[in-house]
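Residue indices begin at 1 and follow the sequence shown. Start at 1 and go down the list; that is how both ligands and their atoms are numbered.
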Amino acid sequence: MSKYWSEFVHHLEPYVPGEQPKMDKLVKLNTNEHPLGPSPKVIEAIRAEADDRLRLYPDPDSGLLKQAIADYYSGKGHGIKRSQVFVGNGSDEVLAHLFMGFFRQDEPLLFPDITYSFYKVYCGLYQIDYDAVPLDETLSINVEDYLRPNGGIIFPNPNAPTGKLMPLSDIERLLQANTESLMVIDEAYIDFSGNKKGGGDTAISLVNRYPNLLVTQTLSKSRSLAGLRIGLAVGDEALIDGLNRIKDSFNSYPLDRLAIAAGVAAFEDQQWFEKGCDQVISQRDWLKEQLSQRGFESLPSAANFLFTHHPQHRGASLAQGLREQGIIVRHFGKPERIADYLRITVGTAEQNQALINALDTLL
Ligand SMILES: *Cc1c(COP(=O)(O)O)cnc(C)c1O
């Protein structure tokens with residue numbers, strides 16, 4: 001604290017990211033990173049870009065990456081133009097821009113009470129009025145609860161930290177009823193939601209029919225590039241124009257040359273992507289089964305993590321017991337309804353086995 005801070009800074013309540021421990025030996029299942037390293041083609045692309053050209057600013061529009069993303073989704077039959085794509089320094093930055101630019105309205109922003117905790121932080125930062133809408137008793141988002149006047153709607157699909165997926169038909173039902181405000185679907189985990197080849201039922205398939213829909217995604221999870229910071233949004237051209245106005249009032253060059261080259265390579269290497277999603281999904285199913293044999297109850301997960309609890313054990317003591325054995329998972333503690341849940345990132349086969357062994361000594 002300092003007397004040079006403004007009142008505003010005194011009152012901020014920042015996001016607290018999951019721990020990034022300095023010790024290598026830990027089995028790190030706490031921040032939903034990909035268990036495998038990124039595509040070797042991504043590493044090659046970064047090497048090829050690392051030369052004298054780093055002297056020069058990158059393309060402020062990240063045009064090659066936007067084109068690669070548009071091509072990728074057009075290849076899936078969604079007909080996305082480069083002008084419908086926005087990219088930023090992680091999807092957190094993309095989210096920050098759209099909170100600032102689109103959600104400062106007269107009516108409150110709506111999002112679930114149990115969801116990505118950064119939403120509340122952005123509301124504090126940009127002084128946005130919001131209503132946290134309770135999840136239903138099965139910890140699902142109920143479409144009916146969002147059918148009321150609002151200054152915008154945002155939720156992750158699959159939701160975090162529950163991992164639960166809302167079917168695209170429900171998203172479309174909400175879009176049909178909610179035409180007067182912006183709807184943002186945060187698809188950080190959508191690639192783990194469908195068949196083993198990845199991709200899932202993305203709401204990007206709806207953006208050409210609903211001009212108030214923005215879909216955000218990240219390369220941090222399913223493309224294993226959390227360390228590079230690349231996020232994106234896809235939507236109607238006019239929404240993307242708005243995001244560009246905000247970005248160009250903040251930082252003209254959010255993506256550096258290495259990130260742009262790596263992002264292009266990541267979208268081009270379909271084979272690595274499919275294999276990676278396949279492995280995570282198979283391991284998720286294995287882990288869920290093993291946990292269930294030990295009395296854990298897990299929510300159905302469409303993501304790269306499991307949200308699970310054990311009726312006879314407190315969440316806090318399980319998290320602590322695992323940590324003592326070198327395994328870190330995420331335990332939120334609040335609100336009360338999820339205090340006994342753990343959010344466990346799906347790791348490699350070896351890491352998942354280590355988790356199960358550690359639980360066997362604890363239970
Ligand atoms: C991880 C995550 C993000 C942020 O991703 P970055 O691109 O790494 O900033 C956004 N939303 C949700 C729900 C996430 O879990």
Side-chain angles (χ1 to χ4, degrees), residues 14-20 28-35 38 42 62 65 69 85-100 103 109 111-123 125 132 135 139 141 152-166 171 183-193 200 202-204 214-234 243 247 250-251 254-256 259-260 262-263 266-267 280 284 299 301-307 329-330 332 338 341 343-346:
Y15 177 73
V16 184
E19 181 190 354
Q20 295 292 342
K28 193 177 170 306
L29 304 176
N30 67 329
T31 51
N32 297 343
E33 288 136 334
H34 202 291
V42 166
S62 305
L65 178 54
I69 295 166
V85 182
F86 179 80
V87 293
N89 193 254
S91 62
D92 285 339
E93 186 187 78
V94 177
L95 291 168
H97 286 339
L98 62 92
F99 270 71
M100 175 165 61
F103 287 154
L109 173 67
F111 52 78
D113 63 338
I114 296 169
T115 195
Y116 188 39
S117 50
F118 229 134
Y119 301 158
K120 232 177 241 183
V121 173
Y122 292 136
C123 287
L125 179 62
L135 295 182
L139 297 180
I141 297 171
I153 296 173
I154 183 168
F155 55 84
N157 197 42
N159 193 15
T162 64
K164 279 197 151 184
L165 183 73
M166 178 186 283
I171 290 179
M183 235 177 93
V184 176
I185 310 295
D186 176 350
E187 290 190 338
Y189 301 104
I190 193 72
D191 291 331
F192 304 110
S193 72
T202 172
I204 287 177
L214 256 181
V215 180
T216 63
Q217 293 188 353
T218 174
L219 278 71
S220 298
K221 280 54 184 249
S222 61
R223 289 188 166 81
S224 192
L225 290 173
L228 268 191
R229 315 303 301 127
I230 310 173
L232 61 106
V234 179
L243 279 172
K247 170 215 152 224
F250 177 78
N251 176 4
L255 265 68
D256 59 63
I260 294 169
F267 273 98
V280 169
R284 178 184 73 207
L299 297 184
S301 172
N304 66 340
F305 56 84
L306 288 168
F307 202 50
V329 300
R330 196 91 191 255
F332 292 95
I338 60 163
Y341 278 82
R343 193 197 66 189
I344 305 176
T345 304
V346 176

Inset, instruction - Decide yes or no on ring-ring contact (aromatic ring centres under 6.0 Å, His included) for Phe305 and Tyr189, but give the supporting numbers first. - result: CA-CA 9 Å; Phe305 56 84; Tyr189 301 104; 5.0 Å; yes
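Of the candidates Thr216, Asp186, Ile190, Pro156 forms a side chain to side chain contact (heavy atoms under 4.5 Å, CB included) with just one, namely Asp186. Checking each of Ile204, Val87, Ile230 against Ile69 for a side chain to side chain contact (heavy atoms under 4.5 Å, CB included) leaves exactly one that passes, namely Val87.
Within a 6.0 Å sphere centred on CZ of Phe250, other residues, nucleotides and ligands contribute 12 heavy atoms or fewer.
Taking every heavy atom of both residues into account, Ala226 and Glu33 meet most closely at CB-CG, 4.2 Å.
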Identify all pairs of nitrogen or oxygen atoms, one from ligand 1 and one from the protein, separated by less than 3.5 Å, and list them with distances.
unit_1: ligand 1; atom_1: 5 (O); unit_2: Ser91; atom_2: OG; d: 3.1
unit_1: ligand 1; atom_1: 7 (O); unit_2: Ser91; atom_2: N; d: 2.6
unit_1: ligand 1; atom_1: 7 (O); unit_2: Ser91; atom_2: OG; d: 3.0
unit_1: ligand 1; atom_1: 7 (O); unit_2: Thr218; atom_2: OG1; d: 2.5
unit_1: ligand 1; atom_1: 7 (O); unit_2: Ser220; atom_2: OG; d: 3.4
unit_1: ligand 1; atom_1: 8 (O); unit_2: Ser220; atom_2: OG; d: 2.6
unit_1: ligand 1; atom_1: 8 (O); unit_2: Arg229; atom_2: NH1; d: 2.7
unit_1: ligand 1; atom_1: 8 (O); unit_2: Arg229; atom_2: NH2; d: 3.4
unit_1: ligand 1; atom_1: 9 (O); unit_2: Ser91; atom_2: N; d: 3.2
unit_1: ligand 1; atom_1: 9 (O); unit_2: Asp92; atom_2: N; d: 3.0
unit_1: ligand 1; atom_1: 9 (O); unit_2: Asp92; atom_2: OD2; d: 3.2
unit_1: ligand 1; atom_1: 9 (O); unit_2: Arg229; atom_2: NH2; d: 2.7
unit_1: ligand 1; atom_1: 11 (N); unit_2: Asp186; atom_2: OD1; d: 3.3
unit_1: ligand 1; atom_1: 11 (N); unit_2: Asp186; atom_2: OD2; d: 2.7
unit_1: ligand 1; atom_1: 15 (O); unit_2: Tyr189; atom_2: OH; d: 2.6
unit_1: ligand 1; atom_1: 15 (O); unit_2: Lys221; atom_2: NZ; d: 3.0

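In this structure, the separation between CE on Met100 and OH on Tyr122 is 11.0 Å, given to the nearest 0.5 Å.
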